[in-house]
J.: 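For reference, the structure I am asking about is given below.
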Amino acid sequence: MARDGAVYACQSCGAVQTKWSGQCPACGAWNTLVEELTSSRPPGALKPSKTTRGRHLAFEGLDQSTPAPPRMVTGVGEWDRVCGGGVVPGSAILVGGDPGVGKSTLLLQVAAEAARRGARCAYISGEEAIEQVRSRAQRMGLADAPVKLAAETSLRAIIDGLKAEPFDLVVIDSIQTMWSDNHEAAPGSVTQVRAAAGELVRLAKKGNLAVILVGHVTKDGAIAGPRVVEHMVDAVFAFEGERGYPFRILRGAKNRFGATDEIGVFEMGDSGLSEVKNPSALFLNTSGERAAGAAVFAGIEGSRPVLVEIQALVAPSAYGTPRRAVVGWDSGRLAMILAVLEARCGLGFGDKDVYLNVAGGLRISEPAADLAAAAALASSAFDVALPQDCVVFGEISLSGEVRPVSRMDGRMKEAAKLGFRRALGPADVEKPALAYTGANRLADAIQRIHDSAWEDRK
Ligand code: TYD
Ligand code: MG
């Protein structure tokens, strides 16, 4: 039996249970239920008040006009792009990412650039001392920006401070370090994270101030994942990057004021993050010849075409169970492509180890990459290199067809800009921008790779 006022919150998914158990019934994670004392009122419950009781709802129509929200352009172009053209005043944005990926660096840069453009900006750190933030800013060449710094974890002090002075933009780094004295739970627990985010979002709406919350995501769920606040904020961005690669990608996961599939690309250097205006040139290894097993995929990330090399290695297996390893792509998708290659094209991988890698540390989720992955696998299996100037795109169905994908024209135009002359893709493409080899069936495409039979006409 639970004690009076005690509930058990899953630190991974935020589900609340009245009884403790070893496994969260909602998300299935183990050892994540932690006792938390609730306040007398359940979160979100309306306080009965004389002023709201009995008031009529004023309904409005969908066709009434609303002006587009004003935008605060921060000057960090890739950030503004992911926001949908700048930060909307009064909005709350959550930026999640693994520890060390560069969230603090990015947001210090955003705050500093916005401050240089005249916005009143504050950067509140609960993780680092002011001296640390300042020395980082100096290293990044931002020391002259009029950003107001504070090191504070008490929510009450932060709210009071932000109410006392007018601000346009405030960065809270990170939401897991903030604690509210209204709740007894430990900092970083679901209760505290939810309470702190709730209060800061309310302040944003009321004070017409943009609040950016930083949230660490940990895979083991030891710290309350920012997932519990995703529904409270207007936008959720994920900041991603592979260790060992300098590239960082800011990806929109939710955005009430813009498209969600937009990405911003940055490069981490000695003096902070620099924006990458042309990601294709970055992800593509242009120096040196492309060997057998490599195929250049003409992809779309957000609104931008991005070219990226997919590398495959097919090697005889030394063990009974062959290995399948994939980096930057979905392993389920690889299994599907291997099955289709075997069943529809007679290309078996049963006694072979298969490795697939997306170069540059990028993660691809587009089905349009199927044909490029299949081409890389076939190229490695036959030990026949694809033409150096060829890009590949197309979705593969289980029946072995190559299906058209979105924005084929944009993909080819980007490839043409970067010096590519040929494309391999689905059949029936009208007026291709490159010398085009079309295939209705995967087997045809694989045969062409095997025979090096490429069409030269446009
Ligand atoms: P940080 O912004 O502190 O990460 P987070 O807030 O997401 O935990 O960035 C940490 C990493 O970034 C650290 O490993 C060092 C690296 N870095 C650079 O390479 N160059 C720089 O100019 C800065 C500021 C950081
Ligand atoms: Mg940090």
Side-chain angles (χ1 to χ4, degrees), residues 74-79 82 93-116 121-145 147-153 155 158 169-179 187-188 192-193 196-197 200 211-227 229-230 233 235-253 263-276 282 360-361 363:
T74 63
V76 180
E78 296 290 297
W79 165 271
V82 177
I93 300 171
L94 173 70
V95 178
D98 293 332
V101 72
K103 300 179 294 298
S104 306
T105 309
L106 171 70
L107 294 171
L108 184 61
Q109 210 153 331
V110 167
E113 293 293 345
R116 277 183 180 160
C121 299
Y123 182 94
I124 300 172
S125 177
E127 305 197 331
E128 292 164 301
I130 298 216
E131 293 73 38
Q132 276 175 291
V133 179
R134 204 183 277 137
S135 78
R136 175 185 296 170
Q138 270 158 7
R139 205 147 39 82
M140 291 161 63
L142 301 171
D144 62 314
V147 182
K148 301 217 164 161
L149 299 179
E152 185 57 74
T153 55
L155 194 61
I158 290 171
L169 181 117
V170 53
V171 175
I172 306 285
D173 188 4
S174 66
I175 189 70
Q176 273 107 352
T177 54
M178 301 297 147
W179 61 277
Q192 285 289 4
V193 168
L200 289 164
V211 172
I212 304 176
L213 306 174
V214 175
H216 293 295
V217 192
T218 52
K219 292 191 178 71
D220 57 51
I223 305 177
R227 260 179 289 170
V229 296
E230 276 182 9
V233 295
V236 179
F237 303 153
F239 201 41
E240 309 169 344
E242 293 282 333
R243 268 179 210 284
Y245 287 105
F247 323 123
R248 300 284 180 269
I249 292 172
L250 185 71
R251 205 181 280 276
I263 66 162
V265 185
F266 298 87
E267 190 171 359
M268 179 71 92
D270 290 337
S271 53
L273 294 156
S274 47
E275 297 169 43
V276 176
L282 188 76
R363 251 207 91 77

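All values reported here derive from a predicted model rather than from experimental measurement. Ligands are counted one by one from 1 in listed order, and the atoms in each one are counted from 1 as well.
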J.: Does some non-hydrogen atom of the protein lie less than 4.0 angstrom from atom 24 (C) of ligand 1?
T.: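 It does: a protein heavy atom is found less than 4.0 Å away from atom 24 (C) of ligand 1.
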J.: For atom 13 (C) of ligand 1, which protein heavy atom lies nearest, and how many Å away is it?
T.: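 Checking every protein heavy atom, the shortest distance to atom 13 (C) of ligand 1 gives Gly100 O, 4.5 Å.
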J.: Who's the nearest protein heavy-atom neighbour of atom 12 (O) of ligand 1, and how far?
T.: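 Answer, as residue, atom name and distance: Met268 CE, 3.3 Å.
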J.: Considering only NZ, NE, NH1 and NH2 on the basic side and carboxylate oxygens on the acidic side, decide whether Glu240 and Arg363 come within less than 4.0 Å.
T.: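 Looking at Glu240 and Arg363, the cut-off is not met.
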J.: Looking only at heavy atoms, what is the nearest atom pair of Ile175 and Ala196, with distance?
T.: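 Heavy atoms only, the tightest pair is CD1-CB, 3.9 Å.
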J.: Where do Val147 and Ala112 come nearest, in terms of heavy atoms and distance?
T.: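 Here Val147 and Ala112 meet closest at CG2-CA, 3.5 Å.
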J.: Pick out which of Thr105, Leu106, Val101 makes a side chain to side chain contact (heavy atoms under 4.5 Å, CB included) with Met268.
T.: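 Per the side chain to side chain contact (heavy atoms under 4.5 Å, CB included) rule, the option paired with Met268 is Thr105, out of Thr105, Leu106, Val101.
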J.: Does a salt bridge link Asp270 with Arg139, judged by any charged N lying under 4.0 Å from a carboxylate O?
T.: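 No, this pair does not count.
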J.: Would Gly102 count as a polar contact of ligand 1, with the cut-off being nitrogen or oxygen pairs under 3.5 Å?
T.: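 Between Gly102 and ligand 1, an N or O pair is found under 3.5 Å apart.
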J.: May I ask you to identify the nearest protein heavy atom to atom 3 (O) of ligand 1, giving residue, atom name and distance to one decimal place in Å?
T.: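 The answer is Arg136 NH2, 3.0 Å.
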J.: Measuring to the Mg ion (ligand 2), does Ser174 have an N/O/S atom at a distance below 2.8 Å?
T.: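 Coordinating: no.
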J.: Using every non-hydrogen atom in the two residues, find where Leu273 and Arg248 come nearest and quote the distance to one decimal.
T.: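 Taking Leu273 first and Arg248 second, the nearest heavy atoms are CD2-CG, 4.0 Å.
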J.: Could you tell me which non-hydrogen atom of Leu200 sits nearest to which non-hydrogen atom of Val211, and how far apart they are?
T.: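 For Leu200 versus Val211, the nearest heavy atoms are O-CG2, 3.9 Å.
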J.: Could you tell me, atom by atom, which parts of ligand 1 come under 4.0 Å of a heavy atom of Gly272?
T.: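 By the 4.0 Å cutoff, the relevant atoms are 21 (C), 22 (O).
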J.: Can you list the ligand 1 atoms lying under 4.0 Å from a non-hydrogen atom of Gly269?
T.: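 Listed by number with element: 18 (C), 19 (O), 20 (N), 21 (C), 22 (O).
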J.: Would you mind finding which of Thr105, Leu108, Leu273, Asp270 brings a heavy atom closest to atom 9 (O) of ligand 1?
T.: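 That would be Thr105.
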J.: Check whether any side-chain N or O of Glu78 sits under 3.5 Å from a backbone N or O of Val265 as a donor-acceptor pair, and report yes or no.
T.: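 Such a contact is found between Glu78 side chain and Val265 backbone.
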J.: With only distance considered, is Pro99 within less than 3.5 Å of ligand 1 through an N or O on each side?
T.: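 No, no N or O pair falls under 3.5 Å.
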J.: So, is Ser104 polar-close to ligand 1, with some N/O to N/O distance under 3.5 Å?
T.: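 Yes - when backbone and side-chain N and O of Ser104 are compared with those of ligand 1, one distance drops under 3.5 Å.
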J.: Considering all heavy atoms of both residues, which atom of Gly141 and which atom of Arg116 are nearest to each other, and what is their separation?
T.: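 Between these two residues, the closest heavy atoms are O-NH2, 2.9 Å.
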J.: Check each heavy atom of Ser271 against ligand 1 and say whether those closer than 4.0 Å belong to the side chain, the backbone, both or neither.
T.: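 It is the backbone that gets close, since no side chain atom is under 4.0 Å.
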J.: Heavy atoms of the protein only: does one fall short of 4.0 Å from atom 18 (C) of ligand 1?
T.: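 For atom 18 (C) of ligand 1 the answer is yes, since some protein heavy atom falls inside 4.0 Å.
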J.: Would you say Glu128 has any N or O atom under 3.5 Å from an N or O of ligand 1, going by distance alone?
T.: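 So ligand 1 has no N or O lying under 3.5 Å from an N or O of Glu128.
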